[in-house]
> 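First the structure, which I've put down as structure tokens, then a few questions once you've had a look.
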Number of protein chains: 2
Amino acid sequence: MATIYDIAREAGVSIATVSKVINQTGRISDKTRKHVQDVMKRIDYQPSVVASALTKKRTYSLGLLIPDIANPFFAELARSIEDQAHELGYSLVICSTDNDLTREERYVNVLRQKSADGIIIATGARNDAMMKQLMKYKLPVAVIAREMPLLAVDTVLVDDYLGGYLAASHLTGLGHRNIAVIAEDLAVMSSKERVRGYRKALEEAGIPYDENLVAVSPFHVEGGKATAKELLSSSNPPSAIFGCNDLLAIGVVQAARELGLRVPEDVSVVGFDNTVLATIIDPPLTSVAQPVQQMGKEIVQLITGEIDGSKPSKQRLVLLPELVVRGTTSAV
Amino acid sequence: MATIYDIAREAGVSIATVSKVINQTGRISDKTRKHVQDVMKRIDYQPSVVASALTKKRTYSLGLLIPDIANPFFAELARSIEDQAHELGYSLVICSTDNDLTREERYVNVLRQKSADGIIIATGARNDAMMKQLMKYKLPVAVIAREMPLLAVDTVLVDDYLGGYLAASHLTGLGHRNIAVIAEDLAVMSSKERVRGYRKALEEAGIPYDENLVAVSPFHVEGGKATAKELLSSSNPPSAIFGCNDLLAIGVVQAARELGLRVPEDVSVVGFDNTVLATIIDPPLTSVAQPVQQMGKEIVQLITGEIDGSKPSKQRLVLLPELVVRGTTSAV
DNA sequence: GTGAAAGCGCTAACAC
DNA sequence: GTGTTAGCGCTTTCAC
């Protein structure tokens, strides 16, 4: 690999001059700038960011902590983050943690050693300790699609309370009164909020709260399926189920089918996230959409603003979810 | 951030000694090693890999060039690669290129500037020029799930010819004789091979080749759907369709449904890749499975072997696909 | 406008 | 066993 010395020698200037044309700093005559650029192009020179990182304290890379890149929702989120990051000159290091604390810590250490300029966190709940650590390191941190109450950290998320409300009130509006909800883990704020929104909608519709209709399940299809089977085989089965994410909701659809129930005629189902999966199943899933594109864009802007100090204060940006009605919901 | 000097001072030794305990090189007495380790732990010191990279010429990061991380097949592949890379101490930088040559070049330059230790390529076809460039840079490169014939590069892939053959002969075995195939792009080797396997199976079954039954489509659900609709509304519609990936196959299922045809009673459908999607739709999709876990593991072993020179020669590892029969195929 | 030189945090050769 | 020191490829004062 050619170094800045090669370019300097070849161009007959000093390395300082080359550095200045690379970074567009200092004052350089048009003539030498052109000339140096020509040489760089001819040699196909790529300045080493590892060397520049040593003095500039900038690696132009961001860590992305997510539960699992193979999970469609997070993959879509990652893609939108990647695009915006790339746009602004940053690369993305993916870190799938399975919400496992040990893995999370290992990854955070890797990112520290590699001097990532910032970390975007999309993983689960109870890592407040880790968050505080990160902030102690002065490592810019931003949280996406998750809420960290009581922590001063840049955040972009959807109004989960509203989302849960939209889902449930769509159902009550269709005349359903016996509505169950399957959450992934009430320790996760977003999950809790969605359930709270659900309760609010029921309350507004004058439906008394029934705790038997609030179930918790591991957040994958199988979990949703098993949980839904229980709910649907009870003595007083719900006529509608709200799955707190698309995976769970799809599990519900499969459970219904296996029990010989038709969707939506016998059971209505609503999901959350509006991933590709929602459009792929049959009937297509009614789901609450998160504006993934915008979320990715905003979070990158927040964290890069934080990184180069161009942003005065931390903020929490709450975007509004939208209900996308498809084929899994109908009137009772 | 604490530096090696801080540790040295605090421990009352030289930085060379600290470096030696970090890297487990040289000879250090048990006593001082212990002591230095204690200090490092107490200070929560993380050695800077950007500094060490400057001398060691190793960043311990790998670039992953894929079409789109939001595509389930590639997301699953990325996850398996990430896990193995992490295991061996490497991080993964994701680069979604949409198979766009400009984006690919941009990303490759980024990876060069960042001194990635190697690049794993899972993107499309006609980038032979880029490949040769990379090899000229002496940047370790490995190709996964793609074939680069005539190029000496480490490769892990599935036998696509066999895969296509398995899919089609499953269909002929069920008595189908009018079998269509939808490929994503015949310029992509893997696609071409799958179609070749399909033809081989038909030939073995004594079915004459009909070029009207070989269609090409953009590789997403909509593409598969539109193409399938054409095929299925022709004067002599196929009784079975082989979609060269799950997305395409799901498009076929949707097309059939919209045309009022039942799957598998009226049309049988086979996919390829066996992604989560296959298990999510109804009926679940019969699909040819790629051993994604193993592929990820092997490719990382190949490229890291290449990186530290512990591997004598390049190799191409061909794994065997497996047909997973589910609900979208039945006898005529 | 341009260049000399110090230094970023580490590794590795070599001296002791 | 441990320490000194010369780089790695770049940025950034500060002279000129």
Side-chain angles (χ1 to χ4, degrees), chain A residues 1-37 39-40 43-61 89 109-117 137 308, chain B residues 1-37 39-40 43-61 89 109-117 137 308:
Chain A
M1 278 290 264
T3 73
I4 200 171
Y5 285 93
D6 300 321
I7 305 302
R9 188 177 347 101
E10 195 70 18
V13 297
S14 75
I15 60 163
T17 301
V18 178
S19 176
K20 279 166 196 153
V21 349
I22 293 172
N23 299 291
Q24 320 196 44
T25 55
R27 299 179 314 152
I28 298 285
S29 74
D30 274 20
K31 186 154 158 294
T32 53
R33 181 157 33 72
K34 269 262 186 257
H35 179 219
V36 171
Q37 282 170 339
V39 174
M40 294 198 302
I43 314 277
D44 189 20
Y45 166 69
Q46 303 284 344
S48 158
V49 350
V50 0
S52 78
L54 206 48
T55 45
K56 287 209 293 197
K57 267 95 185 63
R58 271 270 186 0
T59 56
Y60 294 97
S61 49
N109 282 339
V110 169
L111 293 173
R112 284 214 292 151
Q113 294 182 182
K114 300 220 165 149
S115 309
D117 293 338
Y137 302 149
D308 52 47
Chain B
M1 279 289 265
T3 73
I4 201 172
Y5 286 93
D6 300 321
I7 305 302
R9 187 176 350 99
E10 195 70 18
V13 298
S14 76
I15 59 163
T17 301
V18 178
S19 176
K20 279 167 196 152
V21 351
I22 294 171
N23 299 291
Q24 320 196 42
T25 55
R27 299 179 315 151
I28 298 286
S29 73
D30 274 20
K31 185 153 157 293
T32 53
R33 182 159 30 75
K34 268 260 187 259
H35 179 219
V36 171
Q37 283 169 339
V39 174
M40 295 197 301
I43 314 277
D44 189 19
Y45 165 70
Q46 302 285 343
S48 157
V49 351
V50 1
S52 79
L54 207 49
T55 45
K56 287 210 293 197
K57 267 99 187 61
R58 272 275 164 46
T59 56
Y60 294 97
S61 49
N109 282 339
V110 168
L111 293 173
R112 284 215 291 151
Q113 294 181 183
K114 299 219 165 149
S115 309
D117 293 339
Y137 302 149
D308 53 48

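As the structure is a computational prediction, the values presented were derived from the model and not from experiment. Reminder, nothing fancy here: chain letters follow the sequence lines and each chain counts from 1.
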> For a 4.5 angstrom cut-off between non-hydrogen side-chain atoms, does R58(A) reach D308(A)?
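Yes, at least one pair of side-chain atoms sits under 4.5 Å.
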
> Can you tell me how far apart CD1 (I7(B)) and CE (M40(B)) are? Round to the nearest 0.5 Å.
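The CE atom of M40(B) is 7.0 Å from CD1 of I7(B), to the nearest 0.5 Å.
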
> Find the distance K20(B):NZ to dT4(D):P and express it as a whole number of Å.
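One finds 11 Å between P of dT4(D) and NZ of K20(B), rounded.
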
> List the steps and the verdict of side chain to side chain contact (heavy atoms under 4.5 Å, CB included) for D6(A) and I43(A).
CA-CA 9 Å; D6(A) 300 321; I43(A) 314 277; 5.7 Å; no

> Are I22(B) and I4(B) close enough, and set up right, to give a side chain to side chain contact (heavy atoms under 4.5 Å, CB included), and what steps lead you there?
CA-CA 10 Å; I22(B) 294 171; I4(B) 201 172; 4.3 Å; yes

> Report which part of the nucleic acid I22(A) touches: base, sugar-phosphate, or nothing (heavy-atom distance under 4.0 Å, all strands).
nothing

> Expressed as a whole number of angstroms, how long is the span from L54(B):CG to dC8(D):P?
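So the CG-P distance, L54(B) to dC8(D), works out to 9 Å.
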
> Do the side-chain N or O atoms of T17(B) get closer than 4.0 angstrom to the phosphate oxygens (OP1, OP2) of dG1(D)?
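Negative; the distance criterion is not met.
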
> Can you tell me the distance, in whole Å, between the CZ atom of R33(B) and the C1' atom of dG1(D)?
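Value for this atom pair: 12 Å.
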
> Is the phosphate of dG3(D) approached by S14(B) (side-chain N or O, under 4.0 Å from OP1 or OP2)?
yes

> Under 4.0 Å, counting only non-hydrogen atoms across every strand here, what does V13(B) touch: a base, just sugar-phosphate, or nothing?
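Sugar-phosphate contact only - V13(B) comes under 4.0 Å of backbone atoms but never of a base.
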
> Grab the CD1-P distance between I7(B) and dT2(D) for me, whole Å please.
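It is 17 Å, rounded to the nearest whole Å.
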
> Go through DNA chain C in 5' to 3' direction and return only the first and the last nucleotide with some atom under 4.0 Å of chain B's heavy atoms.
dG9(C) to dA12(C)

> Without decimals, in angstroms, what is the distance between Q24(B) CD and dG1(D) C1'?
17 Å

> H35(B) NE2 to dG1(D) P: how many Å, rounded?
18 Å

> Report the C-alpha distance between K114(A) and S61(B) in whole Å, list the side-chain angles of each, state the deciding distance to 0.1 Å, and finish with yes or no for side chain to side chain contact (heavy atoms under 4.5 Å, CB included).
CA-CA 9 Å; K114(A) 300 220 165 149; S61(B) 49; 3.8 Å; yes

> Counting any heavy atom closer than 4.0 Å, what does T25(B) reach on the DNA or RNA strands: base, sugar-phosphate only, or nothing?
nothing

